[in-house]
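Contents: one structure, followed by commentary.
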Amino acid sequence: MITVFIIILGIIMILAAIIAVMSKNLLTAIISSGVISLLASIIYLILSAPDVAMTEAAIGSGLTTIVFLYALSRIKKINKEIDDD
Amino acid sequence: MDTPLVLKILYSLISLAVITIWGLSLGGIVRKIYARVQGRIGPPFWQPFIDIIKTYGKRTAVTHGIMFFLGPVFRIAGGIGTYLFIPAILGSTIFSNFSVSGDVLLVMYFIFFGQLGMALGAGESGHPYSAIGVARGLAQMTAFEVPFALSIIAIVIQYHTLNITTIVLAQQGSILNWTLFTNPLATIAALIALLGMNMHNPFSVVLAPQEIPIGPPTEFHGSYLALMQTNRGIFNAAKLVLYMNLFFGGATNIFALIIKTFSIYMISVVVGVSFPRFRTDQSIKFFLFVPTLIALLAIIILVL
Amino acid sequence: MRYTLILGFILFMIGLWAMLTRKNLFKIVIGFSIIDTGVHLIIVTIGYLSGKTAPILDKLVTPANAVQKVVDPIPSALVLTAIVIGLAVTALMLSYVVRLYKRRKSLSIEDYRELKW
Amino acid sequence: MVNPIMIFILFLGTAFLFALFDKIHRKFSFAILQLVLLINTFIAGQWLYKFVFTSQTPVMIFTAGFKPPFSINLRMGLEEAFILFAVNFVGLLSALYLSKSFKHSKVYPLVLYLMMIMGVNGIVMTRDLFNLFVFLEISSISTYALIALKENEQRLASGFKYMIASGLASVFFLLGTIFIYHITGTLNIDQIITHKSFVITSLGFLSVFTLMMSLIIELKPFPANGWALDVYQTTTSGVVSIIAVANSAGVFYAFYKLLPLIPHNQLLFIAGIGIVSFLFSNLIAIKQTDSRRLLGYSSIAQIGLLITVTALTRYLHVKSSTSLFIISSIFLSNFIAKAGLFWIAGIIKKTHIKEWAILRFKPGLLIIFGVFIFALVGIPPFPNFWAKWDLIRFLALSKLHIWIILILLGSLLEAFYLFRWFGSIVRSEQNEEQLLQPAYKTVPIIIFFLLLIIISIGIPIHIYQFDILPLLPIVGLLILSIFDFLPSKLKAIISMIIIAGYTLYIYPVLSGVSLVFAFIFLAGSFIQLIATMSRKGTDKGFFPLLVGMILSMGSLLVARSSLEFFFAWELMTITAYMLVLRGRKAEKPALLFILFSLAGAYLLLSGLSYAHVINFSLVGLGTIPISAHMLPITAFILIVVAFLIKVGAVGFHIWLPGSYAEAEDDTTSFMSSILSKTGIFGMLILLLFLLKMNMHHSALFTSMLGWIGIFTVFFGSLMAIFQEDVKYLLAYSSMGQLGYIVLCMAAMSHLGWVSGLYLAVNHLFFKAMILLAVAGVISRVGTRNMYEMGGLIKKMPYSFISVLIGIIALSGVPPLSGFGAKWLIYTALLEKGWYFRAGLSFFASAIAFLYLFRLIHTIFLGQPKPQHQNVKEASPFFLIPQFLFIFAIMAISMFPNLIIKPLSTFINPYFASTIQWQGNTLYSSLGYWNGNLVMYVTMGVFMLLLIWLIISIGRVQKVKQFNIVFAAERPFKPTTTHFAHNFYAHYKRALGTFVRPVTTGFWNGVGEWISSAAGSIRQIYSGNGQTYVLYILLYFIVLYFIMGGK
């Protein structure tokens, strides 16, 4: 039962990874990579590592995604500055 | 060999006088022969003596510098020295000269003494033809030196000595003991080298009168020239005596000496009369090819 | 749990593929973070031994029987550290990307290769 | 003892408080930073002191009160203390160097800086695998951040490449760690090592492989290192010096720590990884013109060498103290020199290596730069030299031939580009530029310089138990350096005093043949030093080097062991190189000189290492019984080639003409007449071994040597005659003359050796005379082209006389001493049965006439040039030594026994004498010669004829040189009338084929091939970060399969 669950999770993660890599849209890519981490934290739970799961969810998924998004916004800002010039 | 020094010097002077007269006469004879071959009457054989006396008599003298002045002295000292280091007649006290000073190596290298001095004198004369002549002469010398040295090496292998007297002694007894017969290849190579040494045709480009009027001695005149002419006689004869000792059994008396040296000289004269002149590079190639190979062959045969 | 191990490796490969083939600097960083996730997954899986519970002392798990009952806590500890380090590296990479972009206005790695040989 | 944990407490404690400190003042926080590093340096230093000077054993520090695996433990041992001391010290100095950058930056770079150094401290001390990972990451992350300290585009780009490459490597490290943990159940390195048998399983192998490979990747192996080079090239000097030395030191130590995990049979692969890196980095660096990138290549190469050496010493089970010494010496050389060079780069602020020429105007900095370069190359007495010596010795003992070849080849490549750089700086024509040398940048450099010097002097004294004798050359060099401000004349006198004192000091040790060479080296130098008094002003640098060179030649004589001999040999080489480099156009020739000399030195080194005897020296030779097989054939050949290079034997001669010609004129005289004989001296020792050993095939060897000798004579002489440049002519002439000596020595007979030594002494006399005379001439006419001279006999009669005597002595015309040499040579050769060699040497000696006449004619005779109207005689300082030599020549010409008798006595112990005396006549088995009588006869005849000429000719009228018989016309002008240019055109027509530059062509071909190989190999560094990641991946995979992973 758990095995099937893990397999399904795994397939979703792989798909998300592929999307993250292939997507033309950076935002999609960033979100997808966040999803991977999020799903990974579920797997950690199953693997009896609740502490890792929490950290992964908070840092790996949450904080990392925020950092990515911040970087993206900075780049957008730089672009805007150029447009303004 | 315990002749007192004064006596030794006296003997050497006598020996020297004899060889000078003979050397100069040889030159005269050769000129006569040349003339006859070319269909002229030619000068008398004592002409060289007349020339020398005349040139000594010239009173005007200029000098280009100290080396110019010393050049002819070097030249004739080289000639006389060469002769003095060769034992001219076997067993003769008078004609043994100063051969106790050294062996055949000494003679071979003393030959250079006069040439070097002459070259320096000619150099200081400042005449381009002199320099060209010297350049040619030295270049040619390096080439004929090779077969000559090789044939001497062959002789040394043969007789196990560098001592000229011992070499002559080894050739005594029969004409067949001469190096000419016991080691013909070395003799031939050395004789070809002698052609170069004597600077007769085809190896006369050093002095080539048509191209560079008389070459190195161009600027010399009067007593300088006379010294050189004297040397020409002595030096020629000295070389012939050396050859006689090394290849033709040496001489036990003055007549043998005269006959043998005359005959050896005739070889180069005959060749000289019948050949045109080589350019320097041609003669270098020639000497390094034919006679060198012959001499090498002589050594190889002896070593085997 | 072989599957999670395989999953970890697949993620690792995808990340590596991204790092090797994507020209966009952002995508390279994303690739790197995917690799990180994959590796973390591998580590946790290795630490997990089937049928054991989390290394937390409670009623069932007493200090006396902990060694038999719980999963190895060390890999988990490692992963925690690695996650934090991964975040730091990712953040630093992104800051480089932003600064590079500020100067060159390009996100393509192809545009940053004057330095060579 | 301070607990090493204090180090971390200090780092962390202060780092967190920095924001606070900074609120007070930047100066305060910076001072704290310095203080922390200083205290840490002190702590490490204290431990180091304990480990070195007391019998302190390594200690383990356990944290949290548990033993591993339940806690992390640290180790403090000799190695750790050593590295920590170095790292913290360089951190301290680099912080000073960066003080200005820190002043204007925000506060966090200070924190990052501390973190980075702390990371390295942690890497070194920790014994826990995961902890190691954490510290690696700490130092990496702070490095990433610091790279952008003063951000610019290139720095950012390179930093990004660095991050993705290094990030990938650390992921691998993590994977390896966890697999090892999975298998062994522990993270404690010592426990893992004790259970290392797991490596044989395929998973075990994979995990160890992954772990080690990631460390190796961090050590930047070729070709997976493009990212590192970019960082080296772009990062600011203070930071890059830390990255290149401190970070690398940490990672290297981690590698060192984990190396026991590698199974014994895999160690050679690891060594191979290192050597590939060493070779290829050095190869590619040849093409590099960017100074920092060049230093980067060199750093990578040195790290590669370290990897190789570490793996090899472990492979060979070399005694740990020895292997530690070798590794730490190589490590230190690179550590100090590289940090110093990167710091200098920050002062120069020029990228292109040619632009570094401005260093020329900062003599102090230039000296330091040179010392760092020499330290890298392994010139004595710097640590690398000793490491090289021990290393090659062990490799030779273990018959790892290929490794010797590769290591020495790589070293030679490295020497090539480093010396090329050095030469181009010293000899460039660049104009002076303002160069800021702020104290905060200069002080670290000077401190490292001094540190290097102290270590370099400490090693020979403490580790090799050198007494003062072999170090005297360095002492002499230093003494003269102190007096370098004095005028040349005074310094020449000081030098003479030093040499005289040295001679007296070593005199008791000398005997037999070493007396002959002492005479050549020391007395010859002493007399020639007079000529150096003609130097104007203070002429800085010349005398220290010269004295260093002369004394190291003396050192060769009194060396007691192979090491002392080699030490002196290398010292002599480097001082000679620097002297050559002083020549105005000597950049290229000097490079060629040092390359060939170093190649020779390396051959000598490997030869000595293969020899089963540690007493390769004349003094040492007497102290040991010689037995067969002491010198295997390989050793013999290697050593003999080394000496053949030194004498410039044909095939190895291409360095010779250029360096003789382009060196300063008085230097040339030293080189030709004295220095070249060191090769002969070495060969003499070698042949003595051969003689006593009864080696198989020894007759064949000496026969070959004889042929090499005679061909050297022949080609040297032949090439000499076609030279227009007088110094080239004399250089080739020297080559020829040394060929004679080789030929004579090879004859291996009493007469052969007597003639060889006779010629060696005679060559000193006449060659020094001619060269000094020529030096005098050149100093007056300002050209070396002979056709631009002419007729100088009237202006410089004394110089003319010495050249005249010189050429007569050289050519071998009786009655001067040269004939003695010829007589001895030919007699020896004919006795030996070497007929063809004798024939060829007759030819060569006739050829010598050609160049000698050309020499004297085109300079002194013929038509003078109008522009030399007012030329004066050469300076008396040139003339005095010449006349001393003339006197010597005259003495041995008149009384050959003066020299031949003692020589014969010296040779007697080795060969039965075949010559005897009767009065003044010398008898050989073949002939005889009375030099005395020849002299009298010649002089007598000459004087008589001279008197006769003077009498007969009467009054002579002196005419001008130009007053010549010229077809009744005057020639156009004297200049065109002087027949001098292309003097032997006809000879060239006849024998020109023999002087085609075959050898030069060959060596040029080799050079071009290497250069183009370097050019194409470096194309792999495409500049694209992704490519570099790919390389890392491929590197991983390929090596995995190569090393037998399944």
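This structure is a prediction, so every number in the text was calculated from the model and none was measured. All chains are named by letter (A, B, ...) in the order of the sequence lines, taking the proteins before the strands, and each is independently numbered beginning at 1.
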Please report the closest heavy-atom contact between D:S291 and D:I353, naming both atoms and the distance.
CA-CG2, 3.6 Å
If the contact rule is any heavy atom under 4.5 Å from chain C, which residues of residues 131-145 of chain D qualify, in numerical order?
D:F133, D:V134, D:E137, D:I141, D:Y144, D:A145
Per-residue contact mode, C:I35 against chain D (heavy atom under 4.5 angstrom)
side chain
Apply side chain to side chain contact (heavy atoms under 4.5 Å, CB included) to D:F222 and D:I1020, showing your working.
CA-CA 10 Å; D:F222 174 89; D:I1020 62 159; 3.8 Å; yes
Side chain to side chain contact (heavy atoms under 4.5 Å, CB included) assessment of D:M115 paired with D:L12:
CA-CA 8 Å; D:M115 286 294 105; D:L12 287 171; 4.0 Å; yes
Contact part of D:E151 toward chain C, heavy-atom cut-off under 4.5 Å: side chain, backbone, both or neither?
both
Could you name the residues of residues 1021-1029 of chain D that have a heavy atom within less than 4.5 Å of a heavy atom in chain C?
D:Y1021, D:S1022, D:G1023, D:N1024, D:G1025, D:Q1026, D:Y1028, D:V1029
Yes or no on side chain to side chain contact (heavy atoms under 4.5 Å, CB included) for D:N282 and D:Y297, after CA distance, side-chain angles and deciding distance?
CA-CA 7 Å; D:N282 280 334; D:Y297 277 115; over 6 Å; no
Which region of D:S170, side chain (C-beta onward) or backbone (N, CA, C, O), has a non-hydrogen atom less than 4.5 Å from a non-hydrogen atom of chain C, or is it both or neither?
neither
So for C:K23, is it side chain, backbone, both, or neither that comes closer than 4.5 Å to the heavy atoms of chain D?
both
Top contributor to chain D interface from C:D36, C:V97, C:L16 [non-hydrogen pairs under 4.5 Å]
C:L16
Non-hydrogen atoms of chain C under 4.5 Å away: do they reach the side chain of D:I147, the backbone, both or neither?
both
I'd like to know if the side chain of D:N188 pairs up with that of D:D128 as donor and acceptor (distance under 3.5 Å, no hydrogens or angles considered).
no
Using a distance-only test with no angle check, is there a side-chain donor-acceptor pair under 3.5 angstrom linking D:T184 and D:Q191?
no
When the 4.5 angstrom heavy-atom criterion is applied to D:I164 and chain C, the contacting part is both
Under 4.5 Å from any heavy atom of chain D - which part of C:D111
neither
Not counting sequence neighbours, which residues clear salt bridge (Lys or Arg N to Asp or Glu O under 4.0 Å) with D:K161? List them please.
D:D230
Can you tell which part of C:S95 gets under 4.5 Å to a heavy atom of chain D, answering side chain, backbone, both or neither?
neither
Is D:F172 close to chain C through its backbone or its side chain, or both, or neither, when contacts mean heavy atoms under 4.5 Å?
side chain
Please state whether the side chain, the backbone, both or neither of C:A18 comes within less than 4.5 Å of a heavy atom of chain D.
backbone
Segment of C:I42 engaging chain D (4.5 angstrom heavy-atom cut-off)
side chain
Which one of D:R293, D:K220, D:Q288, D:R1018 satisfies the side chain to side chain contact (heavy atoms under 4.5 Å, CB included) criterion with D:L229?
D:R293
Can you name the residues that form a salt bridge (Lys or Arg N to Asp or Glu O under 4.0 Å) with C:E114, not counting sequence neighbours?
C:R104
Which region of D:E153, side chain (C-beta onward) or backbone (N, CA, C, O), has a non-hydrogen atom less than 4.5 Å from a non-hydrogen atom of chain C, or is it both or neither?
both
Is the backbone of D:G122 close enough, under 3.5 Å, to the side chain of D:T126 for a donor and an acceptor to pair up by distance?
no
Residue pair D:L211, D:L129: steps toward the side chain to side chain contact (heavy atoms under 4.5 Å, CB included) verdict:
CA-CA 10 Å; D:L211 190 73; D:L129 211 48; 4.0 Å; yes
Count the heavy-atom pairs under 4.5 Å between each of C:L100, C:L78, C:I109 and chain D, then report the option with the highest count.
C:L78
Using non-hydrogen atoms only, which part of C:L25 is less than 4.5 Å away from chain D: side chain, backbone, both, or neither?
both
For the side chain of D:S166 and the backbone of D:M163, is there at least one donor-acceptor N/O pair under 3.5 Å apart?
no
So which part of D:Y181 gets closer than 4.5 Å to some heavy atom of chain C, the side chain, the backbone, both or neither?
side chain
Only pairs of heavy atoms separated by less than 4.5 Å count here; which of C:M93, C:E110, C:R103 has the most with chain D?
C:R103
Dump the intermediate steps for side-chain hydrogen bond (donor to acceptor under 3.5 Å, both in side chains) on C:T90 and C:S33, then the final yes or no.
CA-CA 7 Å; C:T90 312; C:S33 82; 5.6 Å; no
Return the option, out of C:V29, C:I43, C:T21, with the maximum number of heavy-atom pairs under 4.5 Å with chain D.
C:I43
Would you tell me whether D:R292 and D:S237 have side-chain atoms, one donor and one acceptor, within less than 3.5 Å of each other?
yes
